[in-house]
Protein chains: 2
Amino acid sequence: MGKDDDRRAEILASAADLFAAKGVASTTVREIGDAAGILSGSLYHHFTSKDAMVEEIVREYLRDLRARYEVAVASHSDPLEQLRALIRASFESLRDQPAACEIYQNDYRYLRAVPGLSDLDKIVAGFQATWIDVIQAGIDTGVFRAELDPTIVYRFLRDAIWPTVRWYRTGRKYRIDDIAEKCIGLFTYGIAAPAATRA
Amino acid sequence: MGKDDDRRAEILASAADLFAAKGVASTTVREIGDAAGILSGSLYHHFTSKDAMVEEIVREYLRDLRARYEVAVASHSDPLEQLRALIRASFESLRDQPAACEIYQNDYRYLRAVPGLSDLDKIVAGFQATWIDVIQAGIDTGVFRAELDPTIVYRFLRDAIWPTVRWYRTGRKYRIDDIAEKCIGLFTYGIAAPAATRA
DNA sequence: GTCTATAACCGGATAGAC
DNA sequence: GTCTATCCGGTTATAGAC
């Protein structure tokens, strides 16, 4: 049984790489078969459909991300530290599961239309609530600036962080930890030099 | 002649809406025909192919954005004001041409593969250079914090701004000018309340 | 568990009548 | 300038042999 599961996992992993590189819709079952060393028809012995493969990849990814977020929030009481932990957790997720993350980023519209992922919007709303609660707590306790709009801040943070998966590559100029800290620094203190703008 | 051009422009505008809403690859020529009130075959009297339509939409959009950026940079000498003008110009572009902008955001991979858009990467590199030059000037003149990495700052800014086109809708809770100013405030000063973190 | 062969469908694009 | 009719290629998925 372990052997079969391994084979399944191998096929799924190489399929995820293809989905990430070319987009889900543009990846054919023939290509998935080629990458796994079998013919497309044989895929249907392991999976019921191409969309079922996509669903399995994305579900596992979301489950993992949810777990990381829960640890991040539970590990701190200060909202600023919680927010920083959420940012770090996001970058670590994107480092550890780049293929699934890229699928999630690039093909959200496709995923929403997959029958088995009809609860996707609900899951994503849960992530959003986690971030916004932390931001709101920061404002309420005076750690964050009072003028901030939590929803808008969340959206800018989210959209700044996740596309990193498209340009970050392991072993290149930046390590993911460095990028995470630069992101934290930028969003915590802003661009402007204090003396020049806060007079 | 004017009549023909109008008809062309109408078809192109409704096609752009479809491309933006469903994605370019998922939009069929039959749907484009339906939206224009003609059959798919008749489209080929006005355009040589579906990709030719896409190319025309995107080229016009990029030309307009380039012009806005040039005005933004030329109108100021202080790097902080130049950066703010670039941010405002981006949001105004996204407000005035939401369909083309969304295509550009969502279907970049598709666009890169369109033969007629083989210079796309080069054009985009020009945009990037404009932003990075301004950020570097801000650091050099001491207006921006010295620790900043211009390339990274550019990427976070770019990725925070453009996805706005996906959730912003005219006449809703926020006007685009408000969103632009909130973006400027967030990236200029950061999240942290000064007293709490700068001690 | 994989292969062969093929069904059933849908996409972009074309030719020629009107 | 639009319609009718159709071609051709590529897609997912299935049936049954091995």
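Here the structure is a predicted model, which means the values were calculated and not measured. In what follows, chains carry the letters A, B, and so on, assigned in the order in which the sequence lines appear, proteins first and then strands, with residues in each chain numbered from 1. Side-chain atoms are counted along with the backbone in the values below, which use heavy atoms only and exclude waters and symmetry mates.
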[X]: partners by salt bridge (charged side-chain N to carboxylate O under 4.0 Å, His left out), with sequence neighbours left out:
X: A:Arg175; answer: A:Asp177
X: B:Arg158; answer: none
X: A:Asp96; answer: A:Arg68

Set of residues satisfying side chain to side chain donor-acceptor pair (under 3.5 Å) with respect to [X], sequence neighbours excluded:
X: B:Glu60; result: B:Arg63
X: A:Lys22; result: A:Glu31
X: A:Glu92; result: none
X: A:Arg88; result: A:Glu181

B:Arg7 vs D:dT2: side-chain N/O to OP1/OP2 distance below 4.0 Å: yes
D:dT2 phosphate, OP1 or OP2, under 4.0 Å from B:His45 side-chain N/O: no
Residues 122-135 of chain A side chain polar contacts: donor-acceptor under 3.5 Å, at least two apart:
unit_1, atom_1, unit_2, atom_2, d
A:Thr130, OG1, A:Arg66, NH2, 2.9
A:Thr130, OG1, A:Gly126, O, 3.1
A:Trp131, NE1, A:Tyr69, OH, 3.3

Pairs involving residues 102-114 of chain A, ordered by first then second residue, that meet side-chain hydrogen bond (donor to acceptor under 3.5 Å, both in side chains) (sequence neighbours left out): A:Asp51-A:Tyr110, A:Asn106-A:Arg166, A:Tyr108-A:Asp121, A:Arg112-A:Asp121
A:Arg172 CZ: over 12 foreign heavy atoms closer than 6.0 Å: no
Heavy-atom protein contacts under 4.0 Å, nucleotides 3-18 of chain C, coded B base, S sugar-phosphate only, - none: BB------BBBB----
Stem list, DNA chain C (Watson-Crick or G-U pairing under 3.5 Å, at least 3 consecutive pairs):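 Output for stems: C:1-10 with D:9-18, C:12-18 with D:1-7.
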DNA chain C contacts among residues 109-120 of chain B, heavy-atom distance under 4.0 Å: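 Nothing qualifies; none.
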Length of the line joining A:Glu31:CD and D:dG10:C1', which is rounded to integer Å: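 Distance, rounded to whole Å: 11 Å.
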